[in-house]
Amino acid sequence: MHIVVCVKQVPDTKIIKINPKTNTLDRRSAPAILNPYDAHAVQAAVKIREETGGMISVLSMGPPQAVAIIKKSIEIGADRGYLISDRAFAGADTLATSYALSKALQKIANEEPIDLVICGKHAIDGDTGQVGPGIARRLDIPPITNVIEVSEVNKAEKTVLIKRKQISGYELIQTQLPCLLTVEKEINSILYSPLPNMLRAARYEPVIWAVSDLGEVDKTQLGLKGSPTIVGKMFTPPKLEGGKKLEGSSDEQVSQLMDILMERKDLLKLKETSTAN
Amino acid sequence: MPEKFDVIVVGAGPAGTSCAYTCAKSGLNVLLIERGEYPGSKNVMGGVLYRKQMEEIIPEFWKEAPLERPVIEQRFWMMDKESVVSFGYKGLEWGMEPYNNFTVLRAHFDQWFARKAVEAGALLINETVVLECLVENGKVIGVRTDRPDGDILADVVVLADGVNSLLSKQLGFHKEFRPDEVALTVMEVVNLPKDKINDRFNLEENQGCTIEIFGDSTKGNLGTAFLYTNKESLNIGVGTTLSSMIKAKLKPYDLLDYLKTHPMIKPYLEGGESAEYLAHLIPEGGYRSVPRVAGNGVLVVGDAAQLVNAIHREGSNMAMSSGKMAAEAVIEAKQANDFSESSLNRYKDALYGSFIMKDLEKYKDAAHVFEKYPQYLRDYVPMMNRAASKFFTVDGTPKRDKQKEIMRNMTSERGKFGMLQDIYRAWKAVK
Ligand SMILES: Cc1cc2nc3c(=O)[nH]c(=O)nc-3n(C[C@@H](O)[C@H](O)[C@H](O)COP(=O)(O)OP(=O)(O)OC[C@H]3O[C@@H](n4cnc5c(N)ncnc54)[C@H](O)[C@@H]3O)c2cc1C
Ligand SMILES: Cc1cc2nc3c(=O)[nH]c(=O)nc-3n(C[C@H](O)[C@H](O)[C@H](O)COP(=O)(O)OP(=O)(O)OC[C@H]3O[C@@H](n4cnc5c(N)ncnc54)[C@H](O)[C@@H]3O)c2cc1C
């Protein structure tokens, strides 16, 4: 079983500041981290490997500093890491990103056939969730999004059972291998890495490929050139105004809240119609 | 079977990183373990880094290290409620190579320094807490971390885990602190545009200033405050011994607020934005509090060995030098393949023969004297302020008469004999 997990380095958007003049993210204001969903993707791969054996590779496209998140993936339990890094990739949108990643995946598959690709549900800086499905389409394998459980990996039959999160309830799908999953955080909790993984990660040096290492690549589909996305405008949403903060003990707060809800029936109505849907 | 290293260093502060760097440079197999998210992530220092001891580890470090400003002016303030007597020195030679000292932000500096150790060949792992030393037949043989499969072995373990060294306490090297052996210090990083800093402190590009503040900065309690210039921020902090804090029922953050709104300080901070708030202990017990520093397979360095000269606010330099001396002892022990206490005592000998223990010995009674006789900061600082005010106020009184009156006022407050006693006692404590 060979699982490849796509991992992205993102600024920690929990603490990032917005430059008020340009309305863009001030990337210097936040440390770069492994996209949290991708950490869950690596952990999911580790769990599958425990049952089936085999190998986990991680793949990232990014600047040379992205080596840090590959090392982080090794801490979680990946065996190998590949970074594709080249000026030609700069400015890629989701279309160009998924093209570049699919080319790298093909090269990895030439070395060792791939049974499963796992991505995060989305990256916390771009939030599009398009890269995973984009890769699947290019590799012509089924994309299965919003995955919350993977079970019954059958190597011989090349099938796997997947639980997908739905707005209400869930969906169970049996599908073929290879396929591509994008995972939700609920799929697992990240375990505290064992010390031997930490030592291995500290020593690990990933394979780094430039465009020229990827074989036949259509350069017009890479980077800014290959990116039809145009960001028209970005703005910081206005802060919510007004509002009232309930204070006191929890009992007091609950009774204050009940008073408000009983008085403002209109609020409840809104709620009723939405649950009725 | 856990992996084995030549040396494990616990803690990537100045002491641990110096030790790891020096060991790795000489080819030893070194593991540096840090509990923070990255080295420096939680480390606290007023911010003066001394050039000399750092240079002995990495020559010409100022060409690449993330430093804030070279310090070209040091001011000392004796502060009262609405006045201050100040003296200091400003010299342009301190703004040129090889410099005297620098202000630094530890979160940046420690990270850079640890990276140098990694480049030299040390292996660094973060986010890992060492829980205890593994001891076998009276010899430290490794450490246990908080991670699964978390044991790891080494010929020597160097404890650089900072002031509250739980690890050396576990080994019985230390006892718990007495409240008069540590100072509790709180500080804030206040962001301020570069031009404002330069204007307010009378500085030019790449020039820094430090102010040490005594007296009302601690409401007369045993301790000091500081105000240092970074590139685009100020570090302001205050600390007193834990015992004075308890005695005077002071809360550290109240004291910092008091300082920040003090009329002598406030104009410097005007319009600044608080970026970070930090609190940390400083070992101030001095010579008599230094624990056992070497055992079978184990050495203790830096704050963990209580190596701080509180009077001269030197700590990071002693940490670095002690880390380097420990590394040299480990390297020799490795050559002799002897990691017993008597072999590792080379470190102790080097330490006691160096400026570190000589300086600590010189001041061994100082903190005790100032703690026991609080009049120095409490009474003399206001007295000096009153004297200066009188002397410099032009009111038609002849200067000779003023001097007489000043002497009269001072001796009437403490009594002639009391004053002589105080002077003699202070002189004896720091001679
Ligand atoms: C507001 C906004 C502005 C943008 N501005 C520009 C722009 O100006 N110019 C431009 O060219 N593009 C722009 N982009 C797109 C680009 O920067 C995307 O961030 C990038 O293509 C990845 O898309 P994503 O972050 O939405 O990933 P998602 O599709 O949300 O990521 C899903 C999963 O795909 C995988 N993945 C995503 N990226 C990588 C990667 N690099 N390496 C490995 N795995 C990965 C991870 O597993 C991740 O969890 C913008 C996007 C947004 C939303
Ligand atoms: C407010 C303040 C101002 C100061 N100002 C100055 C100054 O201007 N100039 C100066 O020279 N000195 C100053 N000092 C003193 C100086 O900060 C210290 O002497 C110096 O940091 C000591 O270095 P160290 O490496 O021994 O310890 P530390 O810098 O405390 O480093 C210890 C490291 O060990 C790690 N650690 C601890 N326990 C464990 C564990 N169990 N497992 C793994 N890791 C662990 C910690 O996270 C930390 O990174 C100041 C101190 C304070 C508090």
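All values below come from the heavy atoms of this structure, side chains included, with hydrogens, waters and symmetry mates left out. All chains are named by letter (A, B, ...) in the order of the sequence lines, taking the proteins before the strands, and each is independently numbered beginning at 1.
Across every non-hydrogen atom of E75(A) and N197(A), the tightest pair is O-ND2, 2.9 Å.
Between I152(B) and V143(B) the shortest side-chain heavy-atom distance falls below 4.5 Å. The side-chain heavy atoms of V130(B) and D161(B), taken from C-beta on, include no pair separated by under 4.5 Å.
For E127(B), the parts sitting under 4.5 Å from any heavy atom of chain A are the backbone and the side chain alike. Residue L124(B) touches chain A through its backbone alone, counting heavy-atom pairs closer than 4.5 Å. Looking at T145(B), the atoms closer than 4.5 Å to chain A (heavy atoms on both sides) all sit in the side chain, from C-beta outward. Looking at L199(A), both its backbone and its side chain come within 4.5 Å of chain B, counting heavy atoms on both sides.
Side-chain contact annotation: K169(B) with N164(B), donor-acceptor N/O pair under 3.5 Å present.
Between F109(B) and F102(B), a ring centre-to-centre spacing not shorter than 6.0 Å is recorded.
If you tally non-hydrogen atom pairs under 4.5 Å between each of N126(B), D146(B), L31(B) and chain A, the highest count goes to D146(B).
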